[in-house]
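Report on the following structure.
Order of listing sets the numbers, starting from 1, for every ligand and every atom in it. None of the values given here were measured: they were computed from a predicted structure. FYI, the numbering just counts along the sequence from 1.
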Amino acid sequence: MDKFKITGGQRLEGRISISGAKNSALPCMAAALLTPENVTLHNLPYVRDIITMRRLLEDLGCTALMPELRTLNINASSVEIFEAPYELVKTMRASVLALGPLLARFGEARVSLPGGCAIGQRPIDLHLTGFEKLGAVVSIESGDVVARAKRLQGAEIDFNVVTVTGTENLMMAAALADGETILNNAAREPEIVDLAELLNKMGARIEGAGRSCIRIQGVKQLGGAEHTIIPDRIEAGTFIAAAAITGGALEIVNCNPQHIHSTIGKFRDAGVKIEQPNAFSLIVKAADHTKPADVTTLVHPGFPTDMQAQYMALMTIAEGTSVITETIFENRFMHAAELLRMGAKIKLNGRQAVVEGTEKLMGARLQASDLRASASLVLAGLAAQGETIIDRVYHIDRGYEKIEEKLRAVGAQIERFRD
Ligand code: EPZ
C-alpha cells in the first residue's frame with residue numbers, strides 16, 4: 001500500500017492549478033447512461049473514483065474512450081446489463097448514481113445497497129422514496145436495491161434532508177419521466193448546477209438548479225452532448241488551507257472563486273489574506289498569526305463538510321480556541337484522533353470539536369481514514385516539525401489528482417513510497 005512521507009516545515013510558494021471536480025464528474029458520467037448518443041466530458045480529474053465510474057459504465061456495456069487525457073467519450077447505445085455489483089459499490093458509493101438513469105431509460109436497475117462508511121451511515125432512503133414517488137416499484141433483494149417502472153411519471157418530491165446525490169439521481173430520472181417533476185428542498189451545490197447544464201445540453205428541460213426548488217419537464221428521449229466539468233472547489237479550498245498552514249503564499253489558478261464564498265470567508269476570519277484577481281484565480285497569503293474562528297458545516301452555500309477536516313488542521317495551530325461543529329455527517333471527526341498524535345489539542349463532544357491551538361505540531365505515523373480526513377493529515381504533516389508518514393493514501397487518491405506532485409511543485413517535501 002502506498003504511503004506518503006512528508007518532511008514538514010517548508011513554506012509553500014508558487015502557482016497551483018485546480019483539476020475538474022470529482023463530485024461533478026461522477027454524476028455527469030452517470031448521466032451518459034440516459035442516451036444512446038455520445039456524451040463527451042472534458043476536464044475530468046485523473047483520480048481513482050473516475051476510473052471506478054468508467055469501469056462501472058464499461059461493465060454495463062458502455063464504451064468509454066479517452067481520446068486525450070481528461071476527456072472521455074461515453075456511448076451507452078448498447079447497454080445490456082442494468083446492474084452495479086457489490087464489488088464496485090463497496091469501493092465507491094457514488095455507483096448509486098447509476099440507479100436513476102438506468103431506471104429512467106431501461107425501466108430496470110439493480111444496484112448493491114451501500115453500507116455505512118467511515119463518515120457516517122449514509123442511507124439512500126431519500127433516493128428510493130423519490131423513485132417510488134415517480135412510480136417505480138423498489139425493493140431490497142439480497143442486499144441489492146431493485147427498482148422497476150414501465151415509464152416514470154413526474155411527481156412532486158419533498159426531500160426532508162438536503163441530499164446532493166439524491167437530488168442528482170432524481171433529477172436524472174425525472175429528465176426522462178412523463179410530465180413535470182418538482183424537487184423541493186433540493187441541494188444547491190455547484191455540482192447540481194453543472195449536472196443540470198449537461199442534462200439540458202442533452203435535451204432535458206430543467207429549471208431552477210442551484211435553487212432549492214427544481215422543476216423538470218420530462219422529455220421522451222435525450223441526445224448526445226459535450227460538456228466541460230467545473231473546477232473542484234474542495235481541492236481549491238484544500239490548497240487555501242495548505243498556504244495558510246505552512247505560512248506560505250499560493251496563486252490558485254483554474255478555480256471558480258464563486259463556488260467557495262463561504263470557504264474563503266472562513267479562512268479570512270482566521271486571518272488568511274485572500275485576493276481574487278479575476279474570475280478563475282485566487283491569491284492566498286497566510287496570516288502572520290492564525291486566529292481561531294468557529295465554524296459550522298452546512299449545506300451549500302454554507303461551509304462545506306468536505307472542508308471541515310482541512311480547516312480543523314489549520315485551527316490546531318491557531319492562537320486560541322475554536323469550535324468546529326459538523327452538522328452533515330454523524331461521524332466525520334476521524335482525523336481528530338490522528339491529529340492528537342501530532343500534538344494537537346482537540347476535545348470531541350458529539351458533533352462538536354473544541355480545538356485549542358498549539359504552537360507546533362510534531363511529525364508522526366498516521367493512518368488516513370477517508371478522503372478529506374487524509375487531506376487534513378497531509379496539511380498537518382506539511383506544518384509539523386519533523387517527519388510524518390501517512391498510511392493508506394489510497395483514500396486521498398480517490399479524489400485528489402496527484403496531490404504530492406502539485407504540493408512538491410510549490411515547495412513541499414512529500415514523497416510517495418511503498419514498503
Ligand atoms: C455528497 O455525498 C458528496 N459525494 C460528498 O463528498 C459530500 O460530503 C456530501 O455530498 C455532502 O456535501 C458526492 O457528490 C459523490 P448527501 P452524498 O446525500 O450525496 C443524509 C467527498 O469527500 N441522507 O448530501 O452521499 C446523509 O446521511 C464526499 O468527496 C439521508 O438521510 O451526501 C447525510 O447526513 C464524501 N438519506 C446528509 O443526508 C438519503 O437518502 C447529506 O448527505 C441521503 C442522504
Side-chain angles (χ1 to χ4, degrees), residues 19-31 45 47-50 52-53 56 89 91-100 111 113-133 138 140 145 157-172 183 185-195 212 229-230 232-238 259-260 262-263 297-310 326-332 334-335 351 368-376 395-401 403:
S19 302
K22 162 187 83 87
N23 287 349
S24 189
L26 292 171
C28 287
M29 290 170 77
V47 299
R48 172 62 45 192
D49 274 9
I50 298 303
T52 308
M53 184 57 101
L56 168 59
V89 179
T91 59
M92 189 185 69
R93 303 176 61 86
S95 310
V96 299
L97 286 164
L99 263 174
V111 171
L113 182 66
C117 78
I119 62 174
Q121 286 185 29
R122 304 185 73 186
I124 57 161
D125 55 316
L126 301 173
H127 304 226
L128 305 187
T129 48
F131 294 138
E132 281 173 341
K133 273 265 167 111
V138 180
I140 307 292
V145 176
I157 295 168
D158 301 303
F159 292 108
N160 57 18
V161 176
V162 176
T163 160
V164 176
T165 47
T167 302
E168 291 163 350
N169 234 341
L170 269 302
M171 206 161 70
M172 290 190 280
L183 303 179
N185 200 25
R188 292 181 282 164
E189 272 65 5
E191 293 75 20
I192 305 280
V193 179
D194 203 31
L195 173 64
S212 52
I229 301 296
I230 55 170
D232 195 313
R233 63 196 167 98
I234 306 301
E235 190 195 20
T238 303
H259 292 164
I260 49 173
S262 57
T263 300
T297 62
L298 290 169
V299 295
H300 194 79
F303 188 86
T305 174
D306 289 347
M307 276 303 300
Q308 179 258 108
Q310 302 89 312
E326 171 61 55
T327 71
I328 308 295
F329 292 109
E330 66 274 19
N331 186 28
R332 211 173 192 182
M334 299 283 277
H335 42 285
R351 291 195 172 206
S369 55
D370 72 80
L371 174 56
R372 309 302 169 186
S374 328
S376 79
H395 287 292
I396 210 163
D397 293 335
R398 294 186 55 182
Y400 286 91
E401 181 174 322
I403 191 168

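Note: an N/O pair closer than 3.5 Å links N23 and ligand 1 by distance alone. For ligand 1, the polar-atom distance check against L126 finds a nitrogen or oxygen pair separated by under 3.5 Å. Considering backbone and side-chain atoms alike, I328 places an N or O below 3.5 Å from some N or O of ligand 1.
Contacts with ligand 1 closer than 4.0 Å are made by heavy atoms of both the backbone and the side chain of D125. When non-hydrogen atoms are compared, ligand 1 lies under 4.0 Å from the side chain of R332 (C-beta onward) but not from its backbone. Contacts between T305 and ligand 1 below 4.0 angstrom, taking non-hydrogen atoms only, involve the side chain exclusively. With a 4.0 Å cut-off on non-hydrogen atoms, T163 touches ligand 1 through its backbone as well as its side chain. Only the side chain of K22 comes within 4.0 Å of ligand 1, judged by heavy-atom distances.
Side chains of T297 and E326: a donor on one and an acceptor on the other come within 3.5 Å. For the residue pair R48 / Y400, no side-chain donor-acceptor distance below 3.5 Å is found, with atom types taken as modelled.
Below 4.0 Å from some heavy atom of I124 lie the following atoms of ligand 1, by number and element: 39 (C), 40 (O). Close contacts between ligand 1 and L371 involve ligand atoms 22 (O), 29 (O) [criterion: under 4.0 Å to a heavy atom].
No donor-acceptor distance shorter than 3.5 angstrom exists from the side chain of R233 to the backbone of I260, with no hydrogens or angles considered. With hydrogens and angles disregarded, no donor-acceptor distance shorter than 3.5 Å links the side chain of S24 to the backbone of A21. At distances below 3.5 Å, at least one donor-acceptor pair connects side-chain atoms of T167 with backbone N or O atoms of A187. Between the side chain of D49 and the backbone N or O of K22 there is no donor-acceptor pair closer than 3.5 Å. No donor-acceptor pair under 3.5 Å is formed between the side chain of E168 and the backbone N or O of L195.
D306 has a carboxylate O that lies under 4.0 Å from a charged side-chain N of R332, or vice versa, which qualifies the two as a salt bridge.
Of the protein's non-hydrogen atoms, the one nearest atom 20 (C) of ligand 1 is V161 CG1, 4.0 Å. In this structure, atom 19 (O) of ligand 1 lies nearest to the protein heavy atom T165 OG1, 2.6 Å. The closest protein non-hydrogen atom to atom 5 (C) of ligand 1 is D306 OD2, 3.8 Å. Here the heavy atom of the protein found nearest to atom 32 (O) of ligand 1 is F329 CZ, 3.8 Å. Scanning all protein heavy atoms for the shortest distance to atom 25 (O) of ligand 1 gives R122 NH2, 2.9 Å.
Between R372 atom CZ and R398 atom CZ the span is 9.5 Å, to the nearest 0.5 Å. The distance from the CG atom of D232 to the NE2 atom of H259 is 11.0 Å, given to the nearest 0.5 Å.
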Item to check | Check against side-chain hydrogen bond (donor to acceptor under 3.5 Å, both in side chains), H300 and E191 | outcome: CA-CA 10 Å; H300 194 79; E191 293 75 20; over 6 Å; no

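Across V164, T297, V162, heavy-atom proximity to atom 41 (C) of ligand 1 is greatest for V162. The closest non-hydrogen atom to atom 22 (O) of ligand 1, taken over E189, R372, H127, Q121, comes from R372. Between A118, G166, P123, P114, it is P123 that holds the heavy atom closest to atom 44 (C) of ligand 1.
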